[in-house]
Visitor: 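The structure that follows is given in the form of structure tokens.
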Amino acid sequence: MKITRITALGEGKSPSTIKLGPGLNIIEGESNTGKSCIFRTIDFCFGSKVLPFDASLGYNKITLDITSRFGNLKITRSFDSKGVDIDSSIPNYPSGKYSLKGKDNEKGLNDFLFAAIGVKDRHKIIKNQYFRKQLLTWRTILPLILIPHQSIIAEHDSPILPNQATGKTAFLSSLIFLLSGNDYAEKEEVEKPEIRRAQKKAVKDFIEQKLQMAAKQKESIEKTLHASNDTEIHSKISQLVNIRQSLKEEIEKSSKYYTSLLKRIEGLNKKRSEYVLLQEQYEDLSSQYIADIKRLTNIVDGEAHLKDFGRKAEVCPFCQSQITLKRHKSYTNSANAELQNILSQNRELDSVKADLNERIHRIEYDLAKLQKEVDTTNDRVQNRLRPRFEKINEVMSQFEAYIKAQTILSSIKETTEEYEKDLENLPSDDAIEEIYHPVNFLKQSFQSDISALLKEILIECHYPNLNSASFDVNTFDAIINGHKKSAGNGNGYSSFVNTVMALAIRKYLKDNAMFNPGLLIIDSPLSGLDQGKKENYDISMRNGLFEFMLKHQDDGQIIIFENTKNTASLNYTEYGANIIHFDKESGRPGFLLDLDEDG
């Protein structure tokens with residue numbers, strides 16, 4: 001990962017840009033020429049909440065161009081915005097507006113910066129000794145990349161390890177992840193001692209309460225068993241099961257018979273209804289026959305009466321005209337024949353009606369007989385079989401309750417024994433659960449490897465009177481000649497040793513890390529070196545440090561901010577280093593172009 005360009009923008013202002021090379025970059029100048037302003041600008045684009053300079057200067061937007069083997073990024077962040085604009089060529093990381101940290105289902109600046117070094121998924125790292133987790137963020141690993149002036153001059157603290165306890169653990173966990181790719185997310189959290197003691201007390205109280213309840217239940221059940229002591233209970237249950245099965249079969253058989261009777265009754269009732277309807281139809285037909293008989297009888301009787309009258313007049317009594325008499329047609333024979341036919345049909349109908357009545361009476365007799373059988377069957381089931389069946393069930397329930405009580409009592413005894421064992425096996429208040437020590441998760445050779453690199457670089461940088469140099473993994477700091485780095489030396493020597501520490505870790509990351517940022521930015525690595533020691537030592541160490549950085553540019557990009565007076569007089573262009581010089585008298589006065597002074 002390399003920064004190629006840094007630009008400050010503002011309305012009505014000339015863009016202030018510095019271009020950086022892939023290896024050593026030295027930004028030098030007198031005090032108050034804007035060097036630290038650029039350092040803060042990089043930090044701002046890496047997610048810092050602190051503005052790099054006052055917006056009243058007219059510049060209020062920063063762009064940072066980054067290149068890596070995974071793709072390129074252009075980060076633009078305005079002073080008045082909570083998010084960033086990102087132009088990206090990294091696959092699956094599209095350009096757009098993003099927040100700094102990102103949300104659960106949305107990417108953020110944090111995700112893009114990690115993607116630039118090959119980390120494509122979000123990870124949670126361990127943040128304290130009890131294995132609590134937090135999101136791995138760019139700010140967590142930033143001490144490996146960005147070393148401010150106050151850290152580089154630290155005499156008694158590590159220039160890299162954060163001062164806060166939680167910050168230290170999270171930083172070391174992030175370092176472990178960069179080196180190994182393992183976030184140890186599978187590690188389960190453990191409770192703090194005071195919480196563990198409280199939990200133990202709660203469990204102890206719970207177990208004791210359960211033991212008391214079990215004792216009361218046991219006492220109650222033992223009284224029940226004593227009152228129902230029956231040694232032949234299992235044999236009786238077996239006999240009752242057989243009797244109950246016989247009763248159940250008999251009840252089922254009677255119920256089926258009862259159902260068949262009801263179906264037969266239903267069929268007879270249906271047939272009776274059909275006969276009654278037919279009977280009503282026959283009555284209507286009989287009434288019709290009687291009416292026809294009366295009509296035909298009247299016709300025959302009328303014909304007989306007409307014969308009793310004499311011959312009728314052949315002359316009209318009024319006009320004396322001749323009357324031609326028509327011959328009267330007789331209906332007596334035909335009416336009489338039809339009458340006899342109807343009388344015959346009526347007699348047949350009476351016979352059919354009599355037969356139908358007989359059938360209805362037989363059905364009513366059969367219905368009464370079946371209903372009696374239904375009542376008898378129902379009475380047998382409901383008043384004899386079922387009461388016996390239920391009584392047997394009741395007795396069996398009592399026997400089963402007895403057996404269940406015996407089983408429960410046995411279970412209570414076993415549970416009581418388990419509770420007593422649990423009570424005995426509760427951890428003592430002094431029991432120590434595993435706690436997280438991040439240094440134990442580093443490679444076994446980590447400390448010795450860093451120590452070797454530290455000594456090697458110190459020798460190459462001409463550190464005077466060097467007998468031994470080692471790295472203390474617990475303090476994450478250097479031990480020089482068996483003493484802390486500050487012993488017998490001034491502030492400048494601490495800055496020098498802290499810079500060498502950063503270079504040693506940079507080299508170790510290059511050679512060993514699965515995910516290597518490949519970027520180191522140091523503010524004033526030689527601050528105060530001219531104080532407290534002989535000048536020839538200062539020059540030799542200064543030259544040695546810059547020569548080392550020139551010769552090891554392949555370890556990754558390094559950006560140095562330094563006062564002109566502390567910069568070694570070397571042929572930087574011969575090694576392809578990039579020198580940016582700020583000079584208020586001649587050349588570029590500082591980072592922000594449209595100002596007389598940048599601060």
Visitor: Find the distance between NZ (K133) and NE2 (H123) and round it off to the nearest 0.5 Å.
Guide: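 Taking NZ in K133 and NE2 in H123, the distance rounds to 14.0 Å.
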Visitor: Taking the six-membered ring of F46, is the NZ or CZ of R139 close enough (under 6.0 Å from the centre) and on axis enough (within 45°)?
Guide: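 So R139 doesn't make the cation-pi contact.
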Visitor: Using a 6.0 Å cut-off, check whether atom CZ of R362 has over 12 heavy atoms from anything other than its own residue.
Guide: yes
Visitor: For N383, enumerate each residue passing the side chain to side chain donor-acceptor pair (under 3.5 Å) test, keeping only those at least two apart in sequence or located in another chain.
Guide: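 Result, side chain to side chain donor-acceptor pair (under 3.5 Å) vs N383: D379.
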Visitor: Using residues 290-298 as the side-chain source, report each donor-acceptor pair under 3.5 Å to any protein atom, sequence neighbours left out, with the distance given to one decimal.
Guide:
from : atom 1 : to   : atom 2 : distance (Å)
D292 : OD1    : Q288 : NE2    : 3.3
T297 : OG1    : I293 : O      : 2.7
N298 : ND2    : K294 : O      : 3.2

Visitor: Does the pair D183 and K124 meet the rule for a salt bridge (Lys or Arg N to Asp or Glu O under 4.0 Å), with working shown?
Guide: CA-CA 7 Å; D183 56 15; K124 286 190 174 182; over 6 Å; no
Visitor: Would you check, one step at a time, whether the test side chain to side chain contact (heavy atoms under 4.5 Å, CB included) holds for F79 with I62?
Guide: CA-CA 8 Å; F79 287 8; I62 303 296; 4.0 Å; yes
Visitor: Can you tell if the side chain of K443 reaches within under 4.5 Å of the side chain of L179, non-hydrogen atoms only?
Guide: no
Visitor: L356 versus L278: any side-chain heavy-atom pair under 4.5 Å?
Guide: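 A side-chain contact under 4.5 Å exists here.
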Visitor: Can you confirm whether K353 is buried at NZ, in the sense that more than 12 heavy atoms of other residues, nucleotides or ligands lie under 6.0 Å from that atom?
Guide: yes
Visitor: Please say whether more than 12 non-hydrogen atoms of neighbouring residues, nucleotides or ligands are located less than 6.0 Å from CZ in R264.
Guide: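 Atom CZ in R264 is not packed in, count stays at 12 or less.
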Visitor: Considering residues, nucleotides and ligands other than E266, do more than 12 of their heavy atoms fall under 6.0 Å from its CD?
Guide: no
Visitor: Checking the side chain of S89 only, and the main-chain atoms of N72 only, is there a donor and an acceptor separated by less than 3.5 Å?
Guide: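 Side chain of S89 to backbone of N72, a donor-acceptor pair under 3.5 Å: yes, one is there.
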Visitor: From S180 OG over to L442 CG, what is the distance, rounded to the nearest 0.5 angstrom?
Guide: 8.5 Å
Visitor: State which residue, out of D85, D87, D65, fulfils the salt bridge (charged side-chain N to carboxylate O under 4.0 Å, His left out) condition with K74.
Guide: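 For K74, the salt bridge (charged side-chain N to carboxylate O under 4.0 Å, His left out) check succeeds only for D65.
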Visitor: Quick check, are the ring centers of Y436 and Y184 under 6.0 angstrom apart?
Guide: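 Here the rings of Y184 and Y436 have centres that are no less than 6.0 Å from each other.
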Visitor: What distance separates Q340 CD from S344 OG, expressed to the nearest 0.5 Å?
Guide: 9.0 Å
Visitor: Classify the side-chain pair Y98/E106 by whether it contains a donor and acceptor separated by less than 3.5 Å.
Guide: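 No.
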Visitor: With rounding to the nearest 0.5 Å, note down the distance linking CG in L367 to CD1 in I265.
Guide: 6.5 Å
Visitor: Test E364 against every option in K271, R272, R359, K369 by the salt bridge (charged side-chain N to carboxylate O under 4.0 Å, His left out) rule and name the one that passes.
Guide: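 Of K271, R272, R359, K369, salt bridge (charged side-chain N to carboxylate O under 4.0 Å, His left out) with E364 is met by R272 alone.
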Visitor: Give me the atom names and distance for the closest heavy-atom approach of A170 to I125.
Guide: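 Minimum heavy-atom contact is O-CD1, 3.3 Å.
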Visitor: To check you understand the geometry: which heavy-atom pair defines the closest contact between I392 and L240, and what is its length?
Guide: CG2-O, 3.8 Å
Visitor: Taking atom CD as the centre, does E186 end up with more than 12 heavy-atom neighbours from other residues, nucleotides or ligands that are less than 6.0 angstrom away?
Guide: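 More than 12 heavy atoms, drawn from other residues, nucleotides or ligands, come within 6.0 Å of this atom.
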Visitor: Distance from I42 atom CD1 to I3 atom CD1, nearest 0.5 Å?
Guide: 4.5 Å
Visitor: Within the 4.5 Å heavy-atom criterion, are T67 and K2 side-chain neighbours or not?
Guide: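 Contact flag for T67/K2 side chains = yes.
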Visitor: Output the distance between atom OG (S273) and atom CG (L268), rounded to the nearest 0.5 Å.
Guide: 10.5 Å
Visitor: Any side-chain heavy-atom pair from N60 and D80 closer than 4.5 angstrom?
Guide: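 They are not in contact (no side-chain heavy atoms under 4.5 Å apart), so the answer is no.
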Visitor: Should the heavy atoms of other residues, nucleotides or ligands under 6.0 Å from CD of E11 be counted, would the total exceed 12?
Guide: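 It does not: E11 CD has 12 such atoms or fewer within range.
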Visitor: Output, in order, the C-alpha distance, side-chain angles, deciding distance and verdict of side chain to side chain contact (heavy atoms under 4.5 Å, CB included) for I75 and L109.
Guide: CA-CA 8 Å; I75 300 167; L109 173 63; 3.7 Å; yes
Visitor: Within the distance-only criterion (no hydrogens, no angle test), does the side chain of S78 pair as donor or acceptor with the backbone N or O of S81 below 3.5 angstrom?
Guide: no
Visitor: Can the ring centres of F515 and F114 be said to be less than 6.0 Å apart?
Guide: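 When the ring centroids of F515 and F114 are compared, they turn out to be at least 6.0 Å apart.
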Visitor: Determine whether a donor-acceptor pair (N or O, by modelled atom type, separation under 3.5 Å) exists between the side chain of S88 and the backbone of S95.
Guide: no
Visitor: Please report the shortest heavy-atom distance between N110 and K101, naming the atom on each side.
Guide: CB-O, 4.2 Å
Visitor: Would you say CG of N242 has more than 12 non-hydrogen atoms from neighbouring residues, nucleotides or ligands within 6.0 angstrom?
Guide: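 Check passes, neighbour count above 12.
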Visitor: Would a distance-only check, ignoring hydrogens and angles, find a side-chain to backbone donor-acceptor pair under 3.5 Å from S68 to M1?
Guide: no
Visitor: Tell me, yes or no, whether the heavy-atom count around Q444 atom CD, taken from other residues, nucleotides or ligands under 6.0 Å, exceeds 12.
Guide: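 Atom CD in Q444 is not crowded, with 12 or fewer foreign heavy atoms closer than 6.0 Å.
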